[in-house]
Amino acid sequence: IPNGVEASFRPLPQEEVKSFRQQHQRSPQEICLLNIGSTHQRKNIPTVLQVLKALKDREIPVRLWRSGGEFMADQIAFIKAHNLDQDILDFGRVDPKILIQLYNAADVLLAPSLYEGFGLTVLEAMACGLPVITSDVSSLPEVVDDGAIQVKPMDARTITEKISCLQQNPDSRNELIQRGLLRAKQFRWRNSAEKVALVYESAVQQKISS
């Protein structure tokens, strides 16, 4: 029985989204990448940073929005070595209201984890109408199905290309958003609760029968 996603994770009114973006974008053309969670090794932050650098090297206006744990020493070294300090906006640990705004206002969620027990972040993002690029390993394919783009987690080049394609093809982007929204609807807590109830009912019936 899977986890569920809270009903509060949903698309927000466009005016609220536009206002949030204007507060945190350096220019209207800037691509806002989002990464949520810890900076533990399994979260594969080095690949996220490599993608940021690759887009910047192509002279694409881009910024990484981050929320969660602090960068580790090797990650900080990469950021400084490639002058990425000004291209990262760290929101720190945020409350649910800001988190939902981040999901709504960003252009794409990057979640190339090497391992996830479930992958709630990708589900929350899809429920908010945010395109997701995630790994094709661990539990993630089972969670996102066709509602997200799945890639090899260490393949920074492919991830970079996928981001470019999403920005250049609004129709493909909108189709992915709709698939993500539909997929997320299958993971409401009510559905999980009903499945748990069925398990208990089955256990009770087996006990009575014995």
Side-chain angles (χ1 to χ4, degrees), residues 2 4-37 47-48 51-52 54-56 58-67 89 91 96-113 116 119-136 140-153 155-188 191:
V5 61
E6 299 290 345
S8 56
F9 287 90
R10 67 189 190 283
L12 296 176
Q14 281 303 305
E15 290 160 358
E16 182 177 348
V17 174
K18 182 179 179 181
S19 175
F20 190 90
R21 282 181 69 95
Q22 288 176 338
Q23 291 178 49
H24 301 292
Q25 268 184 311
R26 293 174 295 187
S27 73
Q29 295 76 34
E30 186 172 74
I31 298 174
C32 301
L33 310 178
L34 180 62
N35 179 259
I36 302 289
T47 296
V48 174
V51 170
L52 176 63
L55 290 168
K56 185 180 177 183
R58 296 185 185 190
E59 299 184 348
I60 296 173
V62 61
R63 201 175 200 185
L64 174 63
W65 290 0
R66 266 284 306 160
S67 177
L89 182 56
F91 287 83
K97 179 180 178 180
I98 300 298
L99 180 58
I100 292 167
Q101 289 177 322
L102 284 170
Y103 283 134
N104 273 267
D107 289 301
V108 61
L109 177 79
L110 291 188
S113 298
E116 289 288 350
L120 188 58
T121 298
V122 297
L123 195 55
E124 291 173 345
M126 291 191 299
C128 290
L130 177 62
V132 171
I133 298 177
T134 192
S135 304
D136 62 355
L140 292 163
E142 183 179 354
V143 173
V144 301
D145 196 40
D146 69 343
I149 294 172
Q150 300 178 36
V151 297
K152 301 296 180 187
D155 191 349
R157 179 180 296 181
T158 296
I159 295 173
T160 302
E161 294 297 336
K162 295 295 185 181
I163 293 170
S164 297
C165 288
L166 283 175
Q167 295 305 114
Q168 295 169 10
N169 297 279
D171 290 342
S172 296
R173 175 185 172 83
N174 289 333
E175 182 182 346
L176 181 62
I177 289 171
Q178 294 307 314
R179 293 204 307 266
L181 288 168
L182 286 173
R183 181 62 177 169
K185 286 181 180 179
Q186 300 179 35
F187 289 86
R188 294 301 183 188
N191 295 342

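Please read these numbers as outputs of a predicted model, since none were measured by experiment.
Considering all non-hydrogen atoms of both residues, A106 and W65 come closest at N-CZ3, 3.8 Å. Residues T134 and A148 approach most closely at CG2-CB, 4.4 Å, considering heavy atoms. The shortest non-hydrogen separation linking P11 to A127 is CD-O, 3.3 Å. Closest heavy-atom contact between P153 and I159: O-CD1, 4.2 Å. Taking every heavy atom of both residues into account, I60 and S164 meet most closely at CD1-OG, 4.2 Å. Minimum heavy-atom separation, E116 to G119: CB-N, 4.1 Å.
In terms of modelled atom types and a separation under 3.5 Å, the side chain of R26 and the main chain of V62 share a donor-acceptor contact. Side-chain atoms of R66 come within 3.5 Å of backbone N or O of G37 as a donor-acceptor pair. The backbone N or O of D145 lies less than 3.5 Å from no partner atom in the side chain of R179, so there is not a single donor-acceptor pair. A distance-only check finds no donor-acceptor pair linking the side chain of E30 to the backbone of Q25 [under 3.5 Å]. Here the side chain of T160 pairs no donor or acceptor atom with the backbone of L55 at under 3.5 angstrom. Side chain of N104 to backbone of R10: a donor-acceptor contact under 3.5 angstrom is found.
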List, one per line, each side-chain donor-acceptor pair under 3.5 Å for residues 96-103, sequence neighbours excluded.
from : atom 1 : to   : atom 2 : distance (Å)
Q101 : NE2    : E16  : OE2    : 3.1
Y103 : OH     : E124 : OE1    : 2.7

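I133 is listed as a side-chain neighbour of L166, based on a closest heavy-atom distance under 4.5 Å. Contact annotation: the side chain of P112 approaches that of V48 to within less than 4.5 Å [non-hydrogen atoms, C-beta and beyond]. In this structure the side chain of N169 never reaches within 4.5 angstrom of the side chain of R173, judged on heavy atoms. Residues L110 and I163 are in side-chain contact: their nearest non-hydrogen atoms beyond the backbone lie under 4.5 Å apart. Between I36 and L34, some side-chain heavy-atom pair lies under the 4.5 Å cut-off.
One finds the CG atom of D155 at 9.5 Å from the CD atom of E161 (value rounded to the nearest 0.5 Å). From L109, atom CG reaches atom CG of L123 across 11.5 Å, with rounding to the nearest 0.5 Å. Here the straight-line distance linking atom CG of L130 with atom CG of L176 works out to 9.0 Å at 0.5 Å rounding. The CE atom of M126 sits 10.5 Å away from atom CG of L182, with the distance rounded to the nearest 0.5 Å. Remark: L33 CG to L89 CG distance equals 12.0 Å, nearest 0.5 Å.
Around atom CD of E142, no more than 12 heavy atoms belonging to other residues, nucleotides or ligands sit under 6.0 Å away. A 6.0 Å sphere centred on CZ of R157 holds no more than 12 heavy atoms belonging to other residues, nucleotides or ligands.
The aromatic rings of F20 and F91 lie parallel to each other, with less than 30° between the two planes, well short of the 60° mark.
Judged as a salt bridge (Lys or Arg N to Asp or Glu O under 4.0 Å), the pairs with a partner in residues 126-136 (not counting sequence neighbours) are, in order, D136-K152.
We find that D107 and R21 are joined by a salt bridge, their nearest charged nitrogen and carboxylate oxygen being less than 4.0 Å apart.
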